[in-house]
Novice: 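Have a look at the structure that comes next, please.
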2 protein chains.
Amino acid sequence: MISVIIIGAGNVASHFYKTFKTAETVSVTQWYNRRLNAIETYQNEVEITDDIKALKPADVYLIAVKDDAISHLSSQLPFEDRLVVHTSGSIGVHDLDKKLKRGVFYPLQTFTKDADVDFSTIPLCIETINKADYQTLKTLGEAIGCKTYKVNGDQRKALHLAAVFVNNFTNQLYRVAHEITESEGVEFEILKPLITETAKKVQDISPYMAQTGPAKRNDKKTIKKHLKLLNNEHHKAIYKLLTASIQKTHGRQKL
Amino acid sequence: MISVIIIGAGNVASHFYKTFKTAETVSVTQWYNRRLNAIETYQNEVEITDDIKALKPADVYLIAVKDDAISHLSSQLPFEDRLVVHTSGSIGVHDLDKKLKRGVFYPLQTFTKDADVDFSTIPLCIETINKADYQTLKTLGEAIGCKTYKVNGDQRKALHLAAVFVNNFTNQLYRVAHEITESEGVEFEILKPLITETAKKVQDISPYMAQTGPAKRNDKKTIKKHLKLLNNEHHKAIYKLLTASIQKTHGRQKL
Ligand SMILES: NC(=O)c1ccc[n+]([C@@H]2O[C@H](COP(=O)([O-])OP(=O)(O)OC[C@H]3O[C@@H](n4cnc5c(N)ncnc54)[C@H](OP(=O)(O)O)[C@@H]3O)[C@@H](O)[C@H]2O)c1
Ligand SMILES: NC(=O)c1ccc[n+]([C@@H]2O[C@H](COP(=O)([O-])OP(=O)(O)OC[C@H]3O[C@@H](n4cnc5c(N)ncnc54)[C@H](OP(=O)(O)O)[C@@H]3O)[C@@H](O)[C@H]2O)c1
């Protein structure tokens with residue numbers, strides 16, 4: 001049995017709490033947040049506290065608070081040499097106070113408050129300073145069904161950055177597509193199956209192999225037509241840059 | 001029963017042939033291609049020909065050949081006043097020879113040779129010059145389980161362009177993410193669930209509502225960190241442009 005104390009009450013903390021509760025080999029023994037009312041609804045099932053000095057012994061302390069608050073909060077912990085992890089993609093393991101046994105337990109997924117989370121599909125990136133702690137975190141991740149990966153600090157930062165491309169930037173391309181269809185009064189709905197298929201394709205083959213379309217084919221006629229059709233300068237700039245990017249990747253001459 | 005003659009033997013023609021064959025209310029009565037050997041394997045189940053003069057009467061002639069060849073091929077058809085459609089997103093309905101009853105039957109999806117196609121998830125964009133023909137094509141689309149949409153030429157061109165954004169350009173962002181993770185020796189695999197989730201989210205809520213991340217939050221510290229991390233100038237340019245685009249959409253000041 002691994003005992004866990006959760007620190008923080010945001011999206012990530014709450015989802016971890018819920019999944020730990022259902023895991024047979026994990027026991028959440030305490031939940032801390034600086035404002036008690038964020039976790040009050042759970043007081044019948046778990047010990048809650050807003051007093052950092054009242055934290056009890058546990059195998060793992062999971063800090064899931066705002067990135068900027070992690071370092072200071074870790075320095076306030078009233079103990080030493082216990083395993084404390086944060087859940088951030090961009091904060092270093094060394095940003096935790098060095099009196100502690102330190103680690104990172106970073107779930108690479110977007111969490112939204114209301115949506116249910118299926119942890120069995122979430123990759124968990126683990127880093128620790130001590131080898132023995134790595135095994136504890138791996139066991140904890142597996143107890144909630146996650147696939148775990150050993151990922152060092154530089155790698156985690158690269159993943160966090162890459163996640164911006166596949167999540168935020170991709171979503172913005174969907175937004176531009178929405179603007180383009182809307183301007184002709186045609187339903188964005190029609191594009192949804194293609195969005196699904198595009199994401200599905202790279203689950204099995206590399207994005208390099210999956211590429212098709214006018215940029216890759218260097219179909220100048222279609223590219224010209226498209227640029228003429230785009231009257232929003234911003235959309236045009238994106239079209240040109242990503243077309244050039246595809247052509248660079250696939251060894252075509254630049255636009 | 002709707003009788004169909006297929007013209008062409010590429011990805012699109014082959015997938016339409018297979019799905020028409022399984023539809024109870026559709027009968028493929030002939031299959032034409034300029035090179036017979038591309039369709040020879042089917043000669044026991046359907047009449048095949050490479051002689052355009054030998055085309056028989058049918059309710060619908062489906063031209064699924066290279067975009068550049070559609071217009072000329074339609075002018076060679078040895079009849080008038082029959083319903084002839086092409087399957088292209090970027091060619092106009094008026095590019096078909098005017099001696100014919102003309103229409104467009106454009107499936108908005110990417111087709112690859114080997115992968116099976118589930119037509120029940122494919123939006124079919126229909127345009128016709130005569131109203132009566134529209135109903136025939138709608139019935140034909142529904143017979144293979146497609147959701148059909150009435151889409152005029154300008155709208156279809158907008159969809160075709162928007163499809164480049166959600167398919168080719170999105171796939172290129174996946175590629176850039178692949179390059180970023182590879183450069184740190186970390187598995188692209190780890191990003192796949194996030195790719196899936198990002199596509200899934202906009203099935204239910206708009207891309208505008210789905211947006212999160214440093215650009216939308218105007219989190220200058222993280223944006224700066226990311227730009228410093230990117231040593232490929234090309235990746236940097238994409239990061240800057242799409243961050244600016246998100247900030248424009250969400251009313252933040254520009255980078
Ligand atoms: N959201 C995601 O999709 C996601 C995904 C992977 C990793 N992460 C990481 O997970 C961590 C938590 O993120 P989140 O999105 O759940 O929540 P968040 O909105 O970043 O943080 C919410 C929690 O932080 C606490 N907090 C904020 N400032 C604090 C301070 N100065 N001192 C103490 N506590 C403070 C809040 O307390 P109050 O309730 O009192 O305000 C609340 O419990 C972050 O490190 C984030 O990078 C997030
Ligand atoms: N691929 C997709 O994902 C997709 C999606 C939606 C719509 N479309 C549209 O569907 C149509 C077909 O595309 P596709 O990808 O299946 O195939 P394609 O590779 O564009 O075309 C293959 C077919 O065109 C024939 N062809 C080429 N040049 C010809 C010419 N000069 N005269 C007569 N026939 C000629 C080929 O004959 P041979 O076998 O003799 O070479 C072959 O049967 C296009 O209009 C395309 O825009 C494609």
Side-chain angles (χ1 to χ4, degrees), chain A residues 90 108-110 121-123 149 151 154-155 157-159 161-178 180-181 184 186 190-199 202-203 206-208 210-215 222 225-226 229 234 237-238 241-242 245-246 248-249, chain B residues 90 108-110 121-123 149 151 154-155 157-159 161-178 180-181 184 186 190-199 202-203 206-208 210-215 222 225-226 229 234 237-238 241-242 245-246 248-249:
Chain A
S90 57
L108 199 136
Q109 189 52 281
T110 50
T121 65
I122 297 185
Y149 295 87
V151 168
D154 286 344
Q155 291 175 330
K157 277 167 201 160
L159 278 170
L161 171 58
V164 169
F165 281 80
V166 305
N167 179 10
N168 306 151
F169 292 168
T170 288
N171 188 72
Q172 182 63 8
L173 293 182
Y174 300 161
R175 165 67 191 184
V176 170
H178 196 167
I180 291 171
T181 50
E184 286 293 340
V186 52
I190 303 179
L191 291 170
K192 288 180 180 176
L194 184 59
I195 287 173
T196 302
E197 183 61 26
T198 304
V202 295
Q203 305 293 317
S206 71
Y208 182 87
Q211 194 58 277
T212 61
T222 302
K225 265 196 208 174
H226 283 166
L229 222 54
H234 214 79
I238 296 173
L241 186 60
L242 285 168
S245 179
I246 292 171
K248 201 172 140 72
T249 296
Chain B
S90 56
L108 199 133
Q109 189 53 281
T110 49
T121 66
I122 297 185
Y149 295 86
V151 168
D154 286 344
Q155 291 175 330
K157 277 169 201 160
L159 278 170
L161 172 57
V164 169
F165 280 80
V166 304
N167 179 10
N168 307 151
F169 292 169
T170 288
N171 188 73
Q172 182 64 8
L173 293 182
Y174 301 161
R175 165 66 191 184
V176 170
H178 196 166
I180 292 171
T181 49
E184 285 294 340
V186 51
I190 302 179
L191 292 169
K192 289 181 180 175
L194 185 60
I195 286 173
T196 302
E197 184 62 25
T198 304
V202 296
Q203 305 294 315
S206 71
Y208 182 87
Q211 194 56 279
T212 60
T222 303
K225 266 196 210 173
H226 282 167
L229 222 53
H234 213 79
I238 295 173
L241 186 60
L242 285 167
S245 178
I246 292 171
K248 200 172 142 73
T249 296

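Proteins come first, then strands; the chains are lettered A, B, ... in the order of their sequence lines, and each starts at number 1.
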Novice: Minimum heavy-atom separation for Gln172(A) to Thr249(B), with atom names?
Specialist: NE2-OG1, 2.9 Å
Novice: Is there a side-chain contact between Val151(B) and Ile190(A), using heavy atoms and a 4.5 Å cut-off?
Specialist: yes
Novice: So for Val166(A), is it side chain, backbone, both, or neither that comes closer than 4.5 Å to the heavy atoms of chain B?
Specialist: both
Novice: Using heavy-atom distances under 4.5 Å, tell me whether Tyr149(B) contacts chain A through its side chain, its backbone, both, or neither.
Specialist: side chain
Novice: Tell me, side chain or backbone of Val202(A) under 4.5 Å from chain B's heavy atoms, or both, or neither?
Specialist: both
Novice: Using side-chain contact (heavy atoms from CB on, under 4.5 Å), reason through Glu184(A) and Leu159(B) one step at a time and then give a plain yes or no.
Specialist: CA-CA 9 Å; Glu184(A) 286 293 340; Leu159(B) 278 170; over 6 Å; no
Novice: Quick check: do Thr110(A) and Thr198(B) have side-chain heavy atoms less than 4.5 Å from each other?
Specialist: no
Novice: Is there side-chain contact between Phe165(B) and Leu191(A), with heavy atoms separated by less than 4.5 Å?
Specialist: no
Novice: Hey, does Leu242(A) have a side-chain heavy atom less than 4.5 Å from the side chain of Leu173(B)?
Specialist: yes
Novice: Less than 4.5 Å apart, side chain to side chain, heavy atoms only: is that true for Arg175(B) and Ile246(A)?
Specialist: no
Novice: Between Asn171(B) and Ala210(A), what is the shortest heavy-atom contact and its length?
Specialist: OD1-CB, 3.6 Å
Novice: So which part of His178(A) gets closer than 4.5 Å to some heavy atom of chain B, the side chain, the backbone, both or neither?
Specialist: side chain
Novice: So if I apply the side chain to side chain contact (heavy atoms under 4.5 Å, CB included) rule between Leu161(A) and each of Thr181(B), Ile180(B), Thr222(B), Val176(B), which one comes out positive?
Specialist: Ile180(B)
Novice: Between Gln155(B), Lys225(B), Gln211(B), who has the most heavy-atom pairs with chain A when the cutoff is under 4.5 Å?
Specialist: Gln211(B)
Novice: Heavy-atom distances under 4.5 Å only: say whether Phe169(A) touches chain B with side chain, backbone, both or neither.
Specialist: both
Novice: What heavy-atom pair brings Val164(B) and His226(A) nearest, and what distance separates the two atoms?
Specialist: CG2-CE1, 3.6 Å
Novice: Counting only non-hydrogen atoms closer than 4.5 Å, does Lys157(A) touch chain B with its backbone (N, CA, C, O), its side chain (CB onward), both, or neither?
Specialist: both
Novice: Between Asn168(B), Val186(B), Leu229(B), who has the most heavy-atom pairs with chain A when the cutoff is under 4.5 Å?
Specialist: Asn168(B)
Novice: Where do Ile195(B) and Ala199(A) come nearest, in terms of heavy atoms and distance?
Specialist: CG2-CB, 3.7 Å
Novice: Might you point out which heavy atoms bring Ser245(B) and Ile238(A) nearest each other, and give the distance in Å?
Specialist: OG-CD1, 3.7 Å
Novice: Would you compute the distance between atom CD of Glu197(A) and atom CG of Asn167(B) and round it to the nearest 0.5 angstrom?
Specialist: 9.0 Å
Novice: Can you check whether Pro193(A) reaches Leu108(B) side chain to side chain, under 4.5 Å on heavy atoms?
Specialist: no
